[in-house]
Colleague: 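This structure is in structure tokens; I'll ask about it shortly.
Remember, it's a predicted structure, so these values are computed and weren't measured experimentally. Numbering of residues begins at 1 and proceeds along the displayed sequence.
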Amino acid sequence: MRTTAWRLALLCMALWGVVYYLRLFDQKLLLGDEGTILLDAWRIASGEIPHRDFFQGFPPASFIPTAALFLLFGPSLLAGRLLAFALAILIVLSLDLVLRKLEADRVLRLLSLALLIPFGVSYWPIPSHHWWAALHCLLSAYFLLSAPGSRKPRHAYFSAGVFAALAAFSLQDQGGYFIIFTALLYLPALEGRERKEAIWGGLAGVGTVALLFSAWLLPTAGIGNLVNDLLVFPLTSYHNIEGHKFDLFSGWRSVMPVFSRDGFGKAPLYIGSMTFIAFFFMLVPVISFASLSFGRIRKLAPSPQIAVAASLAISAFLTALHRWSFTNLVWALPGLLPAMFLMWKAPNKARRLFSAAAIVIVAAATVFSVSFYKAGAPERLVTIASSAGSLRAFNSGEVQDLLRLLDHIERFKKPGDTLFCSGFHSLINIFTLMKNPTPFDSFLVFNTESQYQRLFSELGSERITWICMPKTRDSANARIIPVISGKYDLSFENDRYMLY
């Protein structure tokens with residue numbers, strides 16, 4: 001009877017997750033992140049080669065599924081959002097498979113599902129490289145847990161290597177950390193023949209993916225561009241920008257202003273549940289590593305299980321550490337949750353306490369998701385219709401300025417016109433279905449001097465028809481506007497955009 005009740009609870013939570021996601025899947029305006037993903041996928045579908053024809057600071061594996069859809073059906077917002085929906089389902093299923101292999105308590109399985117409804121892909125509803133890396137790490141972990149004692153362990157280790165490599169070719173730091181810590185923690189936990197099977201099978205899987213990407217990229221992009229884009233640039237420029245510096249208290253500070261008398265009085269359930277969940281999220285890494293330490297010291301589970309959970313948690317945490325914020329903890333959540341399985345291996349009293357705490361968090365996450373579902377009612381939203389489809393967003397000054405800009409472009413653009421968007425607004429290229437002829441999807445303050453010079457050369461060419469500039473006072477604008485003002489005429493201007 002109790003087993004049936006738990007299965008029913010998981011089923012109801014899963015169905016609620018589907019309803020929640022379908023309501024919100026075309027909401028949230030992510031001009032920069034979604035624009036980068038869709039524009040680079042469009043470039044690849046059009047025959048461009050990453051790191052040769054356009055710059056990107058992370059590897060191209062995450063663009064390939066979107067590019068394949070664009071190749072089949074043409075570039076559209078719907079294709080990207082549907083792929084994100086598929087990613088949401090795959091991440092939930094993969095995480096549950098890992099938890100079942102770890103023999104995790106069903107309370108943890110319910111907690112993971114409840115948290116991933118509002119704080120999984122629906123929180124960032126795009127086919128992001130972060131989600132692809134999380135999925136590939138989970139699938140690799142599943143095969144690592146399945147291999148020992150299986151009939152064909154080398155096949156499982158090969159699959160684990162393939163997905164670990166795909167994680168690294170989606171997001172180099174998370175996938176790289178996962179491979180390193182799997183080698184350091186998981187391999188020593190195996191013995192004799194099993195370890196040899198893991199080494200050779202894993203190397204074969206990693207090597208196969210590496211060879212395929214090398215065959216695609218090396219002959220055209222060259223080793224120099226790859227090293228500069230994927231190693232030098234992230235280490236010397238990207239990690240330094242505001243919001244990408246480690247600050248343990250940033251999450252707390254971002255929540256506290258919301259928890260005010262005025263805000264709480266207007267929406268107590270929403271604000272209260274959001275604040276509770278936000279505080280819990282900032283504690284998730286601490287809880288996960290405390291669980292791993294306690295389980296390892298007390299030997300509460302087989303060493304390979306602890307090693308896999310530790311590799312997932314460490315790789316997810318270290319990746320979030322590079323860009324510390326609440327959003328990055330959301331991206332890290334699928335990797336941090338499995339480490340908690342050891343908490344339910346503790347003595348009975350502790351298990352009951354952990355189960356009670358988990359149920360409280362499940363309730364808070366459910367209250368938050370229901371409240372946010374209601375907040376996303378159609379009457380509160382405005383539709384952003386475009387040549388590539390439509391999205392919905394809360395009506396705001398930002399959205400209204402974007403609508404006016406898109407309307408102006410649609411009225412005056414001609415077939416074959418091109419558009420370069422400075423700042424972090426490349427989704428405008430997708431909205432208007434205008435290609436960007438420069439190597440840069442966006443241009444921000446952390447771009448290097450050599451990239452500035454390359455952009456200035458592009459701006460002096462005849463290939464760019466339109467240039468969209470954000471109305472901001474930053475060093476990038478200060479350098480770019482003087483270059484274009486003598487060559488291009490100002491065609492449109494509002495509070496947020498200038499169109500030349």
Colleague: Is the shortest side-chain heavy-atom distance between Phe354 and Asp105 below 4.5 Å?
Modeller: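 No. Closest side-chain heavy atoms not under 4.5 Å.
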Colleague: Is there a side chain to side chain contact (heavy atoms under 4.5 Å, CB included) between Val107 and Trp6? Walk through the geometry before answering.
Modeller: CA-CA 9 Å; Val107 179; Trp6 274 105; 3.5 Å; yes
Colleague: Decide whether Gln400 and Asn395 meet the rule of one side-chain donor and one side-chain acceptor closer than 3.5 Å.
Modeller: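 Short answer, yes.
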Colleague: Any non-hydrogen side-chain atom of Phe58 less than 4.5 Å from a side-chain atom of Phe63?
Modeller: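 Side chain of Phe58 against side chain of Phe63, heavy atoms only: contact under 4.5 Å found.
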Colleague: So which atom in Ala67 and which in Ala45 form the shortest heavy-atom distance, rounded to 0.1 Å?
Modeller: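 Looking at all heavy atoms of both residues, the closest pair is O-CB, 3.6 Å.
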Colleague: In chain order, what residues pass the side-chain contact (heavy atoms from CB on, under 4.5 Å) check against Val209, with sequence neighbours excluded?
Modeller: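 Checked Val209 against side-chain contact (heavy atoms from CB on, under 4.5 Å); matches are Val162, Ala165, Leu166, Phe169, Phe213.
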Colleague: Taking the side chain as every heavy atom from C-beta outward, state whether Leu402 and Ile428 have any atom pair closer than 4.5 Å.
Modeller: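 Answer yes - side chains close enough.
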Colleague: Describe, in one word, how the ring planes of Phe372 and Phe368 are oriented to each other, choosing from parallel (under 30°), tilted (30 to 60°) and perpendicular (over 60°).
Modeller: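 Plane angle under 30°, so parallel.
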Colleague: Between OG of Ser386 and CG of Leu406, what distance do you get to the nearest 0.5 Å?
Modeller: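 Going from OG on Ser386 over to CG on Leu406, the span is 7.0 Å.
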Colleague: List for me each residue that meets ring-ring contact (aromatic ring centres under 6.0 Å, His included) alongside Phe181, sequence neighbours excluded, and say none if there are none.
Modeller: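 So Phe181 forms no ring-ring contact (aromatic ring centres under 6.0 Å, His included) with any residue.
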Colleague: Please examine the side chains of Leu38 and Leu77, heavy atoms only from C-beta on, and report whether any two atoms are closer than 4.5 Å.
Modeller: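 Side chain of Leu77 against side chain of Leu38, heavy atoms only: contact under 4.5 Å found.
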Colleague: Looking at every heavy atom in both Ala141 and Val98, which two are closest together, and how far apart are they?
Modeller: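 Nearest heavy atoms, Ala141 then Val98: CB-CG2, 4.3 Å.
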Colleague: Taking C-beta and beyond as the side chain, do Val382 and Leu403 meet within less than 4.5 Å on heavy atoms?
Modeller: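 SC-SC contact between Val382 and Leu403 confirmed.
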Colleague: Between Phe317 and Phe289, is there a side-chain heavy-atom distance shorter than 4.5 Å?
Modeller: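 Yes, side chains in contact.
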Colleague: Scan Glu194, Glu197, Lys152 and name whichever one has a side-chain hydrogen bond (donor to acceptor under 3.5 Å, both in side chains) with Tyr157.
Modeller: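 That would be Glu194; it is the only one of Glu194, Glu197, Lys152 passing the side-chain hydrogen bond (donor to acceptor under 3.5 Å, both in side chains) with Tyr157.
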Colleague: With sequence neighbours left out, what residues match Pro65 under side-chain contact (heavy atoms from CB on, under 4.5 Å)?
Modeller: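 Leu83, Trp132.
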Colleague: Once ring-ring contact (aromatic ring centres under 6.0 Å, His included) is applied, do any residues pair with Tyr373, and if so which ones, sequence neighbours excluded?
Modeller: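 Residues passing ring-ring contact (aromatic ring centres under 6.0 Å, His included) with Tyr373: Trp16.
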Colleague: Going by side-chain contact (heavy atoms from CB on, under 4.5 Å), name the residues that satisfy it together with Gln27, two or more places apart in sequence or in a different chain.
Modeller: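 Expected list: Leu24, Leu381, Arg392.
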Colleague: Rounded to the nearest 0.5 Å, how far apart are CG of Leu292 and CZ of Phe341?
Modeller: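 One gets 7.5 Å once the value is rounded to the nearest 0.5 Å.
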Colleague: Report yes or no: is the cationic atom of Lys28 (NZ for Lys, CZ for Arg) under 6.0 Å from the centre of the six-membered ring of Tyr123, at an angle within 45° of the ring normal?
Modeller: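 Satisfied, under 6.0 Å and within 45°.
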Colleague: What heavy-atom pair brings Thr319 and Ser315 nearest, and what distance separates the two atoms?
Modeller: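 Scanning both residues completely, I find the closest heavy atoms to be OG1-O, 2.7 Å.
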Colleague: Determine whether the aromatic ring centres of Phe143 and Phe158 lie less than 6.0 Å apart.
Modeller: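 Centroid distance Phe143-Phe158: not below 6.0 Å, so no.
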Colleague: What is the distance from atom OG of Ser76 to atom CD1 of Ile430, rounded to the nearest 0.5 Å?
Modeller: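 Output value for this atom pair is 9.5 Å.
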Colleague: Please check if the side chain of Tyr186 supplies one atom and the backbone of Leu144 the other of a donor-acceptor pair under 3.5 Å.
Modeller: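 Yes; at least one donor-acceptor contact below 3.5 Å.
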Colleague: Residues two or more places apart in sequence or in another chain: which of them pass ring-ring contact (aromatic ring centres under 6.0 Å, His included) with Tyr142?
Modeller: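 Counting only residues at least two positions away or on another chain, Tyr142 forms no ring-ring contact (aromatic ring centres under 6.0 Å, His included).
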Colleague: Dump the intermediate steps for side chain to side chain contact (heavy atoms under 4.5 Å, CB included) on Ser112 and Leu99, then the final yes or no.
Modeller: CA-CA 9 Å; Ser112 301; Leu99 291 174; 3.5 Å; yes
Colleague: Can a side-chain donor-acceptor contact be found between Ser355 and Trp344 if the only test is distance below 3.5 angstrom?
Modeller: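 Indeed, the side chains of Trp344 and Ser355 share at least one donor-acceptor pair under 3.5 Å.
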